Amino acid sequence: MDSPQARHTQLTGVRSARLWLVLAAVLWSSSSFFMRLLLEPTPLGLHEPHLSPLQIAFFRGLFAGLVLIPLVSRAEVRFRPLMAGMVACFGVMSGLYMMALGLGPAANAILLQNSAPVWVFAIGVGFLGEKADRRNWQTVLVAMTGAAIIVAGNWPRGLAPDEQAKQVEILLMATGSGMAYAGVILFLSALRAESSAWLSVLNLIGSAGCVAVYACATRDPAGMVAWLTAPTAAQLLFLAVFGATQMAAPYFLFARGLRTVGPQEAGIITLLEPLLNPLWAYLIAPDKETPTGWTWLGGGVLMAALAWRYAPRRGRAGEGATAASSA
């Protein structure tokens, strides 16, 4: 039986890990803020020349990875077969999410990407033999009900067939991003013994590489050169800040948190991101990104699910640490 001091140390470690995950979610949520500054006319003038979502994804991932390289020691640099799958999932997630965020409403993109906890549960319990904590399952079901309310309430209606098809395509991109995000979570959990900084560098620079390969496959050499040299100096500086703040820091914190907290709980905690992301977008483009009543209702359900998950339970002291360790 663990001593009181050992249990206290365990609980402290779990609380710290949860804090890293909360901070990661807050920083992740700023993606719509940065994207809208790059795509919408503002006094900063960063919307000209126009950059496609994939261009933004490439430079964001590249700069984010470069920022973290100094944190990686030579001894931490090693390759395992699982890392290839992790990088592939990360690249798909990043590309699809940025396209959905750049082409459609921020709320739909981020909420569908954060369907990841459902996929984590389905894969972990159905295929990997993980135990399902009942409270986690109930939390995810309630949280995803909130997400469903937002998406169903904001579903495009009365549009021309071409526009309707475009909106459905955007929603499918966001959903695919959520499935890929679940893969990232599971791979990071399986690689928790590796350096957080090294895993983050692999993912970030690897995602930039995946986007670049796709761009090369769809352009001739002259078009690719133009694609790479399109950003101005001001845009490149902004993209570097974007990558460091919204990608490098949160993914490092996320990988660090997954050393202690299981993938199921980590996915639940990061549901804070879809609550904050639409608000960032609203600050930049209130005429396009004003949350609807359905968004507020679904967001309230999401917040209630998170509050209920972490409400103290009488007579179950220390259960949070146990659940996090066994997930």
Side-chain angles (χ1 to χ4, degrees), residues 28-41 46-67 86-106 108-110 112-114 116 165-181 183-184 200-248 250-251 277 280-281 284-285 288:
W28 269 328
S29 73
S30 65
S31 61
S32 59
F33 178 80
F34 285 101
M35 281 289 286
R36 291 303 177 258
L37 283 176
L38 283 167
L39 298 176
E40 301 291 338
L46 296 170
H47 63 292
E48 294 180 344
H50 174 74
L51 300 179
S52 72
L54 283 182
Q55 282 175 299
I56 296 172
F58 169 76
F59 286 104
R60 181 187 67 156
L62 177 63
F63 284 125
L66 293 176
V67 165
M86 175 188 69
V87 171
C89 286
F90 197 98
V92 171
M93 176 199 73
S94 180
L96 290 179
Y97 172 66
M98 294 301 281
M99 291 173 68
L101 184 60
L103 299 174
N108 282 353
I110 189 61
L112 285 177
Q113 190 202 39
N114 277 273
K166 177 184 175 182
Q167 294 302 318
V168 171
E169 183 180 1
I170 293 171
L171 292 173
L172 290 176
M173 289 178 185
T175 302
S177 177
M179 297 175 71
Y181 180 19
V184 173
S200 299
V201 168
L202 274 179
N203 278 329
L204 294 166
I205 294 183
S207 70
C210 291
V211 172
V213 168
Y214 176 80
C216 285
T218 55
R219 288 168 176 79
D220 57 30
M224 190 62 196
V225 171
W227 191 83
L228 290 172
T229 59
T232 63
Q235 287 176 327
L236 286 174
L237 177 60
F238 186 80
L239 286 164
V241 175
F242 188 177
T245 303
Q246 193 272 327
M247 285 284 276
Y251 275 108
N277 195 294
W280 288 110
I284 303 302
K288 297 181 180 179

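Values below: every heavy atom of this structure, side chains too, minus hydrogens, waters and symmetry copies. Each residue takes its place number in the sequence, starting with 1. This structure is a prediction, so every number in the text was calculated from the model and none was measured.
- Of the possible polar contacts, none joining the Ser94 side chain to the Gly91 backbone as a donor-acceptor pair under 3.5 Å is found.
- Residues Ala64 and Gly243 come closest through the heavy atom pair CB-O, 3.2 Å.
- A centroid separation of 6.0 Å or more is found between the aromatic rings of Tyr97 and Tyr181.
- For the side-chain contact (heavy atoms from CB on, under 4.5 Å) with Phe63, the lone residue among Leu237, Ile205, Leu239 that qualifies is Leu239.
- Residues Gln235 and Leu46 come closest through the heavy atom pair NE2-O, 2.8 Å.
- A donor atom on one side chain and an acceptor atom on the other are not found under 3.5 Å apart for Arg60 and Ser31.
- Annotation for Gly61 and Ala208: closest pair C-CB, 4.1 Å, computed over non-hydrogen atoms.
- Distance OG1/Thr232 to CG/Leu51: 7.5 Å, rounded to 0.5 Å.
- Proximity of a side-chain donor or acceptor of Ser207 to a complementary backbone N or O of Asn203 within less than 3.5 Å is detected.
- By the 4.5 Å heavy-atom criterion applied to side chains, Leu39 and His50 are counted as neighbours.
- Looking only at distances, no side-chain donor or acceptor of Ser30 sits under 3.5 Å from a matching main-chain atom of Phe33.
- Within the 4.5 Å cutoff, the side chain of Phe34 has heavy atoms near those of the Val241 side chain.
- Nearest heavy-atom pair across Arg219 and Gly223 is CD-O, 4.0 Å.
- The minimum heavy-atom distance linking Val87 with Gly206 is given by the pair CG1-CA, 3.6 Å.
- We find the CD1-CZ distance between Ile56 and Phe238 to be 9.0 Å, quoted to the nearest 0.5 Å.
- When side chains are defined from C-beta on, Val92 does not count as touching Cys210, because their heavy atoms never get closer than 4.5 Å.
- When atom types are taken as modelled, the side chain of Thr245 and the backbone of Phe242 share no donor-acceptor pair closer than 3.5 angstrom.
- Relative orientation of the Trp227 and Phe58 rings is tilted, given thresholds of 30° and 60° on the angle between their planes.
- In this structure, the side chains of Tyr214 and Leu54 come closer than 4.5 Å at one or more pairs of heavy atoms.
- Heavy atoms only, all atoms of each residue included: Gly176 and Leu96 are closest at C-CD1, 3.8 Å.
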